[in-house]
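Below: the structure, in structure tokens.
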Amino acid sequence: MKAAWYEANGAARDVLTVDEIETPVPGPGEVRVRLKTSGANPSDVKSRRGRPMVAPRIIPHSDGAGVIDQVGEGVPDARVGERVWIWNGQWKRAFGTAAEYIVVPAEQAVKLPDNTGFDAGACFGIPALTAIHGVTLAGAAPGKTILITGGAAAVGHYATQIAVQRGARVIATASKERADHARSAGAAEVIDYKNEDVAARVKELTGGKGADAILDMDLSTTAPLLPQGVLGQYGKLVCYGSNVAADIPVSFTAGLWGSLTIQFYLVYELRPEERRAAIADLTWMLEAGTLKHTIGARFPLDDIAAAHEAVEGGKVIGNVMVDM
């Protein structure tokens, strides 16, 4: 099969190779998926650039979609021909979805509804599941105001849609250039974080109360807002990322006097029951056709280096896709 891989950390064009390698065969409890698409996410880029390698050779990417063409012992033959999407394709494993085939445990290949394309399917393992679980943790519900940072980013765009559909009012942050994309997801208000005082605007938009919860993609810029009243009394900060890898100070005084809750989560390490609930919610929404999917750029496998550079550039609105 054709696959992309790297054998050392470094710049995309320096370390990524595309060539033929042996096609994998499923073992007991596994399925083999003939991939149609592979999603390139920021975490894939960070892993290739410098995270410790889990094996001498890495086929990148955790997200993808395709059709099951072989099953291992213990997996029903009826799954052959099933359209599926993948989660945790390359998490703690050597071979991800940037290849024509991938072998994964059967539960990591989730049935893709008939009304949902393979391009959308490659957006689910990281962006959509991160969004759904985060919105659940944030307690989005009628009467609640949720501040979603990065409302035009891949996770934030899904999260905004989901929170609004659960009845919450969403205030999103986005650059001026991306504001319309955040509004298209249902954000009631969009704050230009580059040119506006985010905490002051949130307080203005909430009558001085502050948001009930924040779903945050960058703790390094959000933590300093807590002493400024961006969260209301008993508010909750739910965080899944930061642009700074080092430890980040969080105000004890703001947390104590506001009786605030701070919760972190990593989509790769959801508890089984949490993942089942997130997948069930996502499947329901897909079958109902209530989610919008945005493919911002797509590249052939042979040009995977350009896909990684597009992710690193940060200018693409939507998900970056690699087609097999």
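In what follows, every heavy atom counts, from backbone to side chain, and hydrogens, waters and symmetry copies are set aside.
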Common cluster, V190/L147, ILVMFWY with side-chain heavy-atom separation under 4.5 Å: no

Side-chain donor-acceptor pair under 3.5 Å between Y193 and T221, yes or no? no

Transitive ILVMFWY side-chain link L137 to I148, under 4.5 Å: yes

Is it true that a side-chain atom of R83 and a backbone atom of L112 form a donor plus acceptor pair closer than 3.5 Å? yes

Can a donor-acceptor pair be found between the side chains of Q161 and K292 at a distance below 3.5 Å? no

Side chains of E204 and E189: does their closest heavy-atom pair fall under 4.5 Å? no

Side-chain heavy-atom pair T145, K209 within 4.5 angstrom cut-off: no

Check this for me: E22, atom CD, are more than 12 non-hydrogen atoms of other residues, nucleotides or ligands nearer than 6.0 Å? no

Please answer: with hydrophobic residues joined when any side-chain heavy atoms are less than 4.5 Å apart, are I126 and L286 in the same cluster? yes

Centre-to-centre under 6.0 Å for H308 and F299, is that the case here? no

Between Q165 and T290, is there a donor-acceptor pair closer than 3.5 Å when you use the side chain of the first and the backbone of the second? yes

Heavy-atom closest pair (I295 atom, C123 atom, distance to 0.1 Å) is CD1-SG, 3.7 Å

Any link between L35 and F95 through a network of hydrophobic side chains (Ile, Leu, Val, Met, Phe, Trp, Tyr) touching at under 4.5 Å? no

Check whether any side-chain heavy atom of V267 sits under 4.5 Å from a side-chain heavy atom of Y240, and report yes or no. no

Donor + acceptor pair across side chains of D216, T149 (<3.5 Å): yes

Treat each ILVMFWY residue as a node, draw an edge where side-chain heavy atoms are under 4.5 Å apart, and state whether V230 and I262 are in one component. yes

Pair T136-R166, side-chain donor/acceptor within less than 3.5 Å: yes

Please tell me if the side chains of Y101 and D69 come closer than 4.5 Å, counting only heavy atoms from C-beta onward. yes

V33 side chain near T97 side chain, heavy-atom distance below 4.5 Å: no

